[in-house]
Amino acid sequence: MAALKEREESYPTSVGYSFAIPHGKCNSVSESGIAFARLTNEIEWDEDEEVKYVFMIAVSEENASNEHLEILIKLSKSILDDEFREKLEKTNSKSDILEILNRYTA
């Protein structure tokens, strides 16, 4: 969490379309992962952006360079896709969310 906070303080990770992608690199991360949250109500992420969808990326320092960028690029491209955003908004099933993420970011 400290790595996420540090990264967020240097530059907010809101990316538009009500999405944010907080991310950080840390030696205590043994396996890279993504967490997703769809908030009930939008929150102020920074002074200029309201956020309802949050993807959190955690990667180890060792895997940070390539893996970190690959995940960010895939998520960023997906967020630009109207269908991706619509599907995430409409589904309430964890398994459907995983299927959507696998389809768009694989």
Side-chain angles (χ1 to χ4, degrees):
M1 291 306 293
L4 291 174
K5 288 178 184 178
E6 183 180 317
R7 169 59 179 89
E8 201 66 38
E9 287 174 3
S10 69
Y11 193 81
T13 57
S14 56
V15 295
Y17 298 100
S18 296
F19 280 82
I21 310 175
H23 51 282
K25 308 174 253 189
C26 181
N27 286 328
S28 63
V29 174
S30 59
E31 186 175 334
S32 297
I34 300 173
F36 172 71
R38 182 181 57 211
L39 308 175
T40 304
N41 299 303
E42 288 187 337
I43 61 169
E44 185 176 318
W45 195 262
D46 61 44
E47 293 177 9
D48 299 323
E49 187 104 33
E50 298 282 317
V51 167
K52 184 174 182 176
Y53 308 94
V54 180
F55 286 103
M56 183 184 76
I57 303 170
V59 294
S60 68
E61 288 277 355
E62 182 180 320
N63 296 328
S65 57
N66 288 340
E67 187 171 21
H68 171 252
L69 290 175
E70 287 176 25
I71 293 169
L72 276 171
I73 289 168
K74 288 178 182 179
L75 281 175
S76 297
K77 285 181 179 179
S78 297
I79 290 167
L80 293 173
D81 188 300
D82 294 335
E83 186 177 299
F84 174 80
R85 296 190 314 270
E86 185 177 314
K87 287 182 182 215
L88 282 180
E89 173 62 32
K90 289 184 176 181
T91 189
N92 289 317
S93 161
K94 292 177 186 177
S95 61
D96 287 349
I97 290 170
L98 283 173
E99 184 178 314
I100 293 164
L101 291 175
N102 285 330
R103 178 176 174 216
Y104 283 86
T105 62

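Heads up: numbering here begins at 1 and tracks the sequence.
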**Student:** So Glu44 and Glu50, do their side chains get closer than 4.5 Å, heavy atoms only?
**Tutor:** yes
**Student:** Could you grab the distance from atom NZ of Lys52 to atom CG of Asn41, nearest 0.5 Å is fine?
**Tutor:** 7.5 Å
**Student:** Indicate if Leu88 and Leu39 have the same hydrophobic cluster label, given that clusters are the connected sets of ILVMFWY residues with side-chain heavy-atom separations under 4.5 angstrom.
**Tutor:** no
**Student:** Work out which heavy atom in Val54 is nearest to a heavy atom in Val51; give both atom names and the distance.
**Tutor:** CG2-CG1, 3.7 Å
**Student:** Should the ring pair Phe55 and Phe19 be called parallel, tilted or perpendicular, given that the plane angle runs from 0 to 90° and is split at 30 and 60?
**Tutor:** parallel
**Student:** Nearest 0.5 Å, what's the CG-CD1 distance between Leu72 and Ile57?
**Tutor:** 4.0 Å
**Student:** For the atom pair CG (Leu101) and NZ (Lys74), what is the distance rounded to the nearest 0.5 Å?
**Tutor:** 12.0 Å
**Student:** Between the side chains of Glu89 and Arg85, is the shortest nitrogen-to-carboxylate-oxygen separation below 4.0 Å, so that they form an ion pair?
**Tutor:** no
**Student:** So do the side chains of Phe36 and Leu98 get within less than 4.5 Å of each other, counting heavy atoms only?
**Tutor:** no
**Student:** Specify the closest pair of heavy atoms between Thr91 and Arg38, including all atoms of both residues, with the distance to one decimal.
**Tutor:** O-NH1, 2.5 Å
**Student:** In terms of hydrophobic clustering (I, L, V, M, F, W, Y; side-chain heavy atoms under 4.5 Å; direct or indirect links), are Trp45 and Val15 co-clustered?
**Tutor:** no
**Student:** Can you tell which of Leu75, Asp81, Ile79 makes a side chain to side chain contact (heavy atoms under 4.5 Å, CB included) with Tyr104?
**Tutor:** Asp81
**Student:** Rounded to the nearest 0.5 Å, what's the gap from CD1 on Ile34 to NE2 on His23? Could you check?
**Tutor:** 12.0 Å
**Student:** So, for Ser18 and Glu42, which heavy atoms are closest and what is the spacing to 0.1 Å?
**Tutor:** OG-OE2, 2.6 Å
**Student:** Got a sec, which residues hit side-chain hydrogen bond (donor to acceptor under 3.5 Å, both in side chains) with Ser78, two or more places apart in sequence or on another chain?
**Tutor:** none
**Student:** Out of curiosity, Lys87 NZ to Asp96 CG, how far, rounded to the nearest 0.5 Å?
**Tutor:** 9.5 Å
**Student:** How long is the straight-line distance from OG of Ser14 back to CD1 of Ile43, given to the nearest 0.5 Å?
**Tutor:** 10.5 Å
